[in-house]
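Notes follow once the structure below has been shown.
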Amino acid sequence: MTDDPIRTAAVVGTTAWGTTLAVLLARNGVRTTLLARDDAEAARIEGERANARRLPGIEFPADLEASADAERLADARLVCFVVPSQTMAANARAVAESVSADAIVLSGSKGIEHDTGRRMTEVLADALPGRPTAALSGPNLSREVASGLPGTTVVASRDAPLDAVRAAFHGPMLRVYTSRDVVGVEFGGALKNIVAIAAGVVDGFGYGDNAKGAIITRGLAEISRLGVALGADPLTFQGLAGVGDLIATSISPLSRNRRLGELLARGRTLDEALGEIGETAEGATTTPAALRLAARVGVEMPIAEALDRVLHHGVPPRKAAEALLERDPTTELSSAGHAD
């Protein structure tokens, strides 16, 4: 696999972030196909020359075209999958025969497969064997990136040509860094959504910035413990795909996961909150998946456990918050897998 420039790409998934990545690639002169679910969606997007439903106000560059024809993937050197994590396997299998054996396969989704605990590059590697895989993650709110506000992201891989992938996305307003720690980059992107929901609960209750700073910091310690126990480099959680993404997702009004926590604190059920948000909030399914992984490797995650009781076991958010505050005090830092 060479570092020759990437000239053709495809993005599977008309999500806000999928559309954003397609726009970024096309702005950089990469001929890009945005693969829609069906002909009707493709016709609507092409007719608007925008994905007004998911990313309103962002016009498509000339090098971007929407299509529902999976055969369009055959010419793509880079194929990006940006779909909800729980449908990643099905989406990858559905187009597997159309993806070139030489294509680089990239995940732009931030989640963990619910039943298996697999990371998204693991899912892609199983569905599309023999192809190099990569993950893209960082503090990347779709609206800001698509609007051309300054930002950064990280591309991680063990076998893909990182310089070529970086060059495909890198631009005047988006700095792209590279990493070999695929495990850390993927778990950082997925696990931070748990903390972002908890931060939204803090906002919904009006607990203030001290409490929010505490939940973000303790949450970072918690997800770092799990990531490291699963093979991640601890330094990754101090970088863009770790604390950088965590801060952006926990504080921004554009964050769906933060918004989910806020709505839960205001009395919405999980289904009601997700319906009001109208898009996937990955943290809702990542939380129980992370807890299963934590049990497997002996890591305590009190914030995730409290949140899971709210999300999936009917415990009122305020009661869960009070239970966290009532935990026995201890030392702040610990090198073991136990909660501090």
Side-chain angles (χ1 to χ4, degrees), residues 1-3 6 9 11-13 17-18 21 77-86 88-89 91-92 99 102-114 116-140 152-170 174-194 220 223-246 249 282 286 289-290 292-294 296-297 299:
M1 186 65 64
T2 68
D3 272 315
I6 293 171
V11 176
V12 179
W17 185 231
L21 291 184
R77 186 176 172 218
L78 173 67
V79 180
C80 307
F81 287 83
V82 196
V83 296
S85 60
Q86 305 315 308
M88 179 67 80
N91 276 279
V99 178
D102 298 326
I104 304 159
V105 178
L106 180 143
S107 167
S109 300
K110 299 177 180 180
I112 303 171
E113 195 170 52
H114 184 273
T116 67
R118 292 188 299 175
R119 294 175 284 108
M120 294 298 98
T121 58
E122 293 177 310
V123 173
L124 291 175
D126 286 346
L128 300 159
R131 300 162 178 87
T133 58
L136 185 148
S137 193
N140 303 141
T152 57
T153 195
V154 180
V155 174
S157 179
R158 298 292 299 177
D159 55 3
L162 280 174
D163 287 345
V165 178
R166 171 170 54 190
F169 291 104
H170 192 90
L174 183 72
R175 291 185 57 81
V176 181
Y177 294 83
T178 60
S179 172
R180 294 291 181 185
D181 182 20
V182 182
V183 176
V185 167
E186 287 199 275
F187 276 128
L191 298 174
K192 65 90 177 55
N193 288 325
I194 301 171
L220 176 61
I223 66 177
S224 298
R225 282 196 298 267
L226 178 58
V228 171
L230 293 168
D233 184 336
L235 290 177
T236 298
F237 285 88
Q238 307 305 315
L240 294 169
V243 68
D245 197 4
L246 173 62
T249 311
E282 289 281 6
T286 296
R292 282 192 288 274
L293 288 173
R296 185 187 306 171
V297 294
V299 170

So which atom in [X] and which in [Y] form the shortest heavy-atom distance, rounded to 0.1 Å?
X	Y	value
Ala92	Phe81	CA-CE2, 3.7 Å
Cys80	Phe169	SG-CZ, 4.0 Å
Thr236	Val185	CG2-N, 3.7 Å
Ser179	Leu162	O-CD1, 3.6 Å
Val12	Val83	O-CG1, 3.5 Å
Asp3	Pro161	OD1-CB, 3.1 Å

Test your reading of the model: is there a side-chain donor-acceptor pair from [X] to the backbone of [Y], 3.5 Å cut-off?
X	Y	result
Asp102	Arg77	no
Asp245	Leu240	no
Arg131	Pro129	yes
Arg118	Asp126	no
Arg180	Ser157	yes

Between atom [atom1] of [X] and atom [atom2] of [Y], what is the distance when rounded to the nearest 0.5 Å?
X	Y	atom1	atom2	result
Thr153	Arg175	OG1	CZ	12.5 Å
Glu282	Lys110	CD	NZ	10.5 Å
Leu106	Leu124	CG	CG	8.5 Å
Thr133	Asp159	OG1	CG	5.0 Å
Leu246	Asn193	CG	CG	9.5 Å

Verdict with supporting geometry, Leu226 and Phe187, side chain to side chain contact (heavy atoms under 4.5 Å, CB included) | CA-CA 9 Å; Leu226 178 58; Phe187 276 128; 5.9 Å; no

Report yes if the side chains of Ser85 and Met120 come closer than 4.5 Å at any heavy-atom pair, otherwise no.
->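 Contact flag for Ser85/Met120 side chains = yes.
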
Mind checking whether Val182 and Arg119 have side chains closer than 4.5 Å, heavy atoms only?
-> yes

Take Met88 and Glu113 through the side chain to side chain contact (heavy atoms under 4.5 Å, CB included) test and state the conclusion after the steps.
-> CA-CA 8 Å; Met88 179 67 80; Glu113 195 170 52; over 6 Å; no

Take Thr121 and Glu186 through the side-chain hydrogen bond (donor to acceptor under 3.5 Å, both in side chains) test and state the conclusion after the steps.
-> CA-CA 8 Å; Thr121 58; Glu186 287 199 275; 2.4 Å; yes

Evaluate side chain to side chain contact (heavy atoms under 4.5 Å, CB included) for Val299 paired with Leu293, printing each intermediate quantity in order.
-> CA-CA 8 Å; Val299 170; Leu293 288 173; over 6 Å; no

Residues, nucleotides or ligands: over 12 heavy atoms within 6.0 Å of Arg158 CZ |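 Counting other residues, nucleotides and ligands, CZ of Arg158 stays at 12 neighbours or fewer.
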
